[in-house]
Trainee: 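Just dropping this structure here.
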Number of protein chains: 2
Amino acid sequence: MRDTPRPEFELDAFMPYLLNQAAEHVSLGFAATYKAEYGLTRTQWRVMANLGRFGAMSAVEICRISHIEKTRVSRAVGVLERDGYLTRTRASDDRRREDLALTEAGRAVFAALCARGQAYQAEMAARIGPQNFAALEQGLRALIVAYGETVATDD
Amino acid sequence: MRDTPRPEFELDAFMPYLLNQAAEHVSLGFAATYKAEYGLTRTQWRVMANLGRFGAMSAVEICRISHIEKTRVSRAVGVLERDGYLTRTRASDDRRREDLALTEAGRAVFAALCARGQAYQAEMAARIGPQNFAALEQGLRALIVAYGETVATDD
DNA sequence: TTGACATAGTTGCATTTGCAACAAATAACA
DNA sequence: TGTTATTTGTTGCAAATGCAACTATGTCAA
């Protein structure tokens with residue numbers, strides 16, 4: 001059912017396309033894990049991962065680091081707090097700010113998912129081979145450095 | 001505002017994270033273009049790009065190629081038709097199917113965006129350097145081959 | 001032919017999202 | 001000070017999304 005191909009534009013050589021396609025494939029696999037196991041959404045896991053990796057910080061800081069939208073972070077934090085994975089504390093020096101920190105339970109989940117993530121990544125490296133994996137990492141880092149200021153968190 | 005770092009898990013060396021981060025940076029840039037210029041959403045552009053690149057096909061085929069959800073394609077097609085960018089024709093051999101094809105206007109928009117895309121990509125290659133660009137492409141292709149069957153379309 | 005099953009596409013509905021508007025606190029500075 | 005701008009975080013609302021149910025059409029085989 002295809003005709004009129006348009007060779008001038010190689011969609012499949014278009015970097016944004018490749019990037020999204022790859023990201024989608026890879027993310028879905030890991031997302032399935034934290035979703036099935038802990039009922040976490042993507043955003044929730046992202047917030048959690050940042051707190052787990054970098055320690056307590058405010059919502060805005062999470063936004064800056066992860067490039068997740070304000071509102072989304074706000075709502076994810078609400079859920080994570082309700083579920084006992086993190087606590088919010090009004091900052092004493094600036095009462096607009098809330099310091100977010102993982103609870104014991106939150107850290108436990110984070111640790112468990114870290115292990116899963118490591119395994120996932122190892123399997124991925126095995127699938128595409130160490131050379132491709134290295135190439136990929138190099139390219140991605142270059143991109144992130146070139147495009148974004150600080151880096152962030154994702155699944 | 002950071003403490004308690006957890007060196008065991010290098011979030012910033014976690015491939016799904018890098019991938020998403022990079023994809024997000026890059027996509028947003030191009031998305032801004034087709035959104036501002038033609039009011040297209042991401043999905044609409046994806047549908048359009050597939051039709052533009054591969055020629056007329058049915059909605060299901062677009063789903064298969066792009067991994068976009070059925071419903072989403074259906075709705076994007078509705079809008080694109082309303083806006084005069086594509087036509088749907090009941091297939092004569094199977095009246096369940098609709099053959100989708102870009103109109104003249106649709107092809108014009110596609111062509112214009114292709115040019116933008118090419119420029120965008122060139123600028124990106126320049127930013128990160130040809131070596132990194134090549135490495136990235138190699139890695140991404142390996143990934144897509146390893147993980148997904150057919151490839152798709154993205155911004 | 002009939003009946004069971006598969007496929008293309010749409011629609012209903014609950015959830016998630018983004019954006020703009022907002023309240024509260026703080027900063028800046030005339 | 002008083003006044004104006006910024007920053008943090010939340011909420012309202014409309015749009016986008018995913019999933020399941022549904023219609024219409026086709027296929028296969030008894």
Side-chain angles (χ1 to χ4, degrees), chain A residues 1-2 20 24 27-28 31-32 34-36 39-47 50-51 56-83 86-101 154-155, chain B residues 1-2 20 23-24 27-28 31-32 34-36 38-48 50-51 56-83 86-101 152 154-155:
Chain A
M1 189 52 40
R2 291 178 184 175
N20 274 106
E24 194 169 318
S27 286
L28 286 185
Y34 55 65
K35 190 172 184 178
L40 294 174
T41 67
R42 179 191 163 89
T43 305
Q44 287 159 213
W45 157 245
R46 297 225 276 166
V47 167
N50 274 100
L51 289 174
M57 65 177 103
S58 73
V60 196
E61 272 182 293
I62 294 182
C63 290
R64 271 200 281 270
I65 295 183
S66 65
H67 297 165
I68 308 177
E69 215 258 334
K70 225 180 166 188
T71 313
R72 233 156 119 191
V73 170
S74 174
R75 282 163 177 149
V77 165
V79 174
L80 289 173
E81 185 194 29
R82 166 170 64 68
D83 294 352
L86 64 74
T87 56
R88 7 162 62 144
T89 320
R90 211 85 223 165
S92 48
D93 58 322
D94 182 341
R95 287 188 340 223
R96 288 172 301 187
R97 213 180 56 223
E98 280 176 340
D99 288 321
L100 308 172
D154 261 278
D155 24 359
Chain B
M1 190 54 36
R2 291 179 183 175
N20 275 106
E24 195 170 318
S27 288
L28 286 185
Y34 55 66
K35 191 172 184 180
Y38 302 99
L40 294 174
T41 67
R42 180 193 164 88
T43 304
Q44 286 159 213
W45 158 244
R46 298 225 276 166
V47 167
M48 203 164 189
N50 275 99
L51 290 174
M57 65 177 104
S58 73
V60 196
E61 273 183 291
I62 294 182
C63 290
R64 270 200 282 271
I65 295 182
S66 66
H67 296 165
I68 306 178
E69 217 257 334
K70 222 181 169 188
T71 313
R72 231 156 122 190
V73 170
S74 173
R75 282 164 178 151
V77 166
V79 174
L80 290 173
E81 186 195 26
R82 166 170 62 71
D83 294 352
L86 64 76
T87 57
R88 6 163 60 147
T89 321
R90 259 305 154 215
S92 48
D93 58 321
D94 182 341
R95 288 189 339 225
R96 288 172 301 185
R97 213 181 57 222
E98 280 176 339
D99 288 321
L100 309 172
D154 261 276
D155 25 356

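So that the names make sense, note that chain A is the first sequence line, chain B the second, and so on, each numbered from 1.
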Trainee: As a test of understanding, state which of B:T41, B:I68, B:V73 forms a side chain to side chain contact (heavy atoms under 4.5 Å, CB included) with B:R46.
Mentor: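 Testing B:R46 for a side chain to side chain contact (heavy atoms under 4.5 Å, CB included) against B:T41, B:I68, B:V73 leaves exactly one candidate, B:I68.
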Trainee: Would you mind telling me which of C:dT17, C:dG18, D:dG9 lies closest to the side-chain atoms of A:T43?
Mentor: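 The answer is C:dT17.
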Trainee: Knowing that exactly one of B:R90, B:R97, B:R96 qualifies, which makes a side-chain hydrogen bond (donor to acceptor under 3.5 Å, both in side chains) with B:D94?
Mentor: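 Filter result, single survivor: B:R96.
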Trainee: Separation of A:E81 atom CD from D:dT10 atom P, in whole Å?
Mentor: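 About 9 Å, once rounded to whole Å.
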Trainee: On DNA chain D, does the nearest nucleotide to A:K70 precede the nearest nucleotide to B:R72 from the 5' side, or the other way round? Give the residue.
Mentor: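 Closest to the 5' end, via its nearest nucleotide, is A:K70.
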Trainee: Whole-Å distance between D:dT8 P and A:I68 CD1?
Mentor: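 For the pair A:I68 CD1 and D:dT8 P, the rounded distance is 16 Å.
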Trainee: How is B:R88 classified with respect to the nucleic acid when contacts are heavy atoms under 4.0 Å: base, sugar-phosphate, or nothing?
Mentor: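 Sugar-phosphate, backbone atoms only, no base.
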Trainee: Picking from C:dT10, D:dA16, D:dG9, which would you name as closest to the side chain of B:E98?
Mentor: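 Nearest listed nucleotide: C:dT10.
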Trainee: Check this for me: does the side-chain of B:R75 come within 3.5 Å of the base of C:dG12 through a donor and an acceptor?
Mentor: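 Under the 3.5 Å cut-off, the side chain and the base do form a donor-acceptor pair.
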Trainee: What integer distance in Å separates B:L80:CG from C:dT10:P?
Mentor: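 Atom-to-atom, B:L80 to C:dT10, this comes out as 12 Å.
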Trainee: How close or far is atom C1' of D:dT10 from atom CG of A:L100, stated in whole angstroms?
Mentor: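 Rounding to the nearest Å, CG of A:L100 and C1' of D:dT10 are 14 Å apart.
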Trainee: Kindly say if A:S74 contacts the phosphate of D:dT10, meaning a side-chain N or O under 4.0 Å from OP1 or OP2.
Mentor: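 It does, given that an N or O in the side chain of A:S74 lies less than 4.0 Å from OP1 or OP2 of D:dT10.
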Trainee: For the pair made of CG in B:D99 and P in C:dA8, what is the distance, rounded to whole Å?
Mentor: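 Result: 12 Å.
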Trainee: If the sugar-phosphate is the primed atoms plus P, OP1 and OP2 and the base is the rest, what is the B/S/- string for nucleotides 24-29 of chain D, using protein heavy atoms under 4.0 Å?
Mentor: BBS---
